[in-house]
Amino acid sequence: MSASPKKRPTPKKKLPTGTAPAPTERAPVTIPRLSEMKAAGEPIVMVTAYDNPSAEVAEEAGVDVVLVGDTAAMVVLGYDSTVPVTMDEMLVLAGAVRRGLRTPIMIGDLPFGSYEASNELAVENAQRFVKETGCDAVKLERGGQSVDRARAIIRTGIPVMGHVGLTPQTATSLGGFKAQGKTADAAAKLAEEALALQSVGCFAIVFEAIPADVTEVLMPQIDVPVIGIGAGPATDGQVLVFHDLLGLFTGHAPKFVKRYADVHGQMATGMRSYVEDVRAGRFPTEEHSYSIDADELEAFKGYLSAESLAARTPWDW
Ligand code: KIV
């Protein structure tokens with residue numbers, strides 16, 4: 001589902017893609033396609049994105065699913081947790097991401113406070129993601145009452161992704177940002193939540209910070225695609241936060257993050273060079289300056305020498 005399913009915007013720029021098939025030539029990924037990938041054992045690649053350039057990078061790299069995650073609160077807005085980000089802020093970010101994507105499924109992450117209180121609130125905010133930004137689906141956290149909210153949203157025709165294990169919106173009640181399902185009882189609770197989300201029709205479920213062995217023994221019970229983040233290799237796909245995997249976020253990275261680049265370092269190096277160049281008079285040079293015809297310049301100099309600009313009264317302008 002999308003606000004403009006047939007005519008998604010084409011990203012403007014292209015990055016070198018090596019030997020991989022040009023991702024922008026791929027057919028748009030659909031929710032049934034994710035199930036096919038699970039059945040075929042084809043890993044599903046998901047990443048977060050929060051703005052237009054990061055969406056374009058995900059598009060060009062051939063990502064299957066893009067989540068406009070509420071982690072934006074931390075990696076983009078500078079908060080200590082995901083809790084403060086608002087629905088209105090998420091909509092601005094999702095709109096920017098939409099304009100950079102053509103192929104991946106795009107999911108809007110319902111932020112804390114936007115769905116818990118009632119099914120009506122959950123449906124209203126899920127519809128805002130779809131109507132106002134063109135999201136294909138939404139994600140919400142936890143089992144319990146979230147199962148009811150997921151069911152209500154799905155009944156209105158909006159696909160929902162569940163999220164169990166470490167659920168950052170309620171990390172305080174989980175004892176902080178730490179792995180979940182580490183006892184038999186805790187693993188059983190987590191399994192029940194996943195099965196409940198599946199039973200109401202969630203098209204996929206995120207498993208976050210769960211022991212790899214727990215994931216492995218649970219996977220045969222789950223029919224929908226499971227996307228892991230710190231849940232080991234047995235899931236149907238993996239998700240990482242854009243800023244974590246590319247090294248844009250300099251704060252603490254959880255154990256499950258693998259850094260594939262040092263973009264922050266590269267940005268800082270570039271910025272330092274700019275600062276030094278300006279201070280040393282090395283920038284701008286002729287290469288970065290506009291020119292004027294010599295006779296036009298002479299005429300202008302004549303004008304300047306004939307009159308004092310400073311002596312002009314304001315109404316002459
Ligand atoms: O908000 C987010 O980035 C997420 C992912 C970590 C799955 O929920």
Side-chain angles (χ1 to χ4, degrees), residues 34 43-51 54-55 57-58 63-87 89-94 96-97 104-116 125-126 129 133 135 137-143 146 149-150 159-171 174 176-180 190 193-194 197 202-210 215 224-232 235-246 248-249 251-259:
L34 296 185
I44 298 166
V45 185
M46 173 164 145
V47 73
T48 65
Y50 315 98
D51 60 17
S54 54
V57 168
V63 162
D64 301 306
V65 182
V66 168
L67 172 70
V68 186
D70 63 355
T71 36
M74 301 172 80
V75 299
V76 175
L77 302 178
Y79 291 114
D80 284 344
S81 80
T82 60
V83 168
V85 70
T86 65
M87 190 63 205
E89 288 167 331
M90 291 298 296
L91 291 172
V92 172
L93 303 179
V97 170
I105 292 176
M106 174 175 149
I107 302 173
D109 205 5
L110 287 164
F112 181 74
S114 72
Y115 63 96
E116 300 88 335
N125 283 316
F129 263 133
T133 75
C135 275
V138 297
K139 179 170 85 60
L140 45 64
E141 292 188 3
R142 294 192 309 132
S146 294
R149 306 293 173 260
V160 175
M161 173 179 264
H163 183 157
V164 300
L166 172 56
T167 46
Q169 292 175 6
T170 44
L174 298 174
F177 286 83
K178 55 186 201 183
Q180 301 296 307
L190 196 151
E193 289 182 349
L197 289 163
C202 285
F203 72 91
I205 303 173
V206 168
F207 277 21
E208 177 163 354
I210 295 169
T215 304
V224 296
V226 172
I227 314 294
I229 174 164
T235 55
D236 302 302
Q238 297 294 326
V239 55
L240 280 178
V241 167
F242 187 94
H243 290 54
D244 287 342
L245 86 94
L246 292 180
L248 255 164
F249 184 60
H252 167 74
K255 175 183 166 68
F256 53 71
V257 169
K258 180 170 176 185
R259 286 236 148 113

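Sequential numbering from 1 along the given sequence is applied to the chain's residues. Just follow the structure's listing: the first ligand is 1, and inside any ligand the first atom is 1.
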*Compare all side-chain heavy atoms of Phe242 with those of Val57 and state whether any distance is below 4.5 angstrom.*
yes

Contact table ligand 1 N or O to protein N or O, d under 3.5 Å:
from	atom 1	to	atom 2	distance (Å)
ligand 1	1 (O)	Asp70	N	3.1
ligand 1	1 (O)	Asp70	OD1	2.9
ligand 1	1 (O)	Thr71	N	3.2
ligand 1	1 (O)	Thr71	OG1	3.3
ligand 1	1 (O)	Asp109	OD2	3.0
ligand 1	3 (O)	Thr71	OG1	2.5
ligand 1	8 (O)	Lys139	NZ	3.0

*Between Glu208 and Ala179, is there a donor-acceptor pair closer than 3.5 Å when you use the side chain of the first and the backbone of the second?*
no

*Check: Leu248 and Val75 side chains under 4.5 Å, non-hydrogen atoms*: no

_Passing option when Gln169 is tested against Asp70, Asp109, Thr82 for side chain to side chain donor-acceptor pair (under 3.5 Å)_ = Asp70

*Taking C-beta and beyond as the side chain, do Phe129 and Met87 meet within less than 4.5 Å on heavy atoms?*
yes

_Validation row: Ser54, His243 side chains within 4.5 angstrom (heavy atoms)_ = no

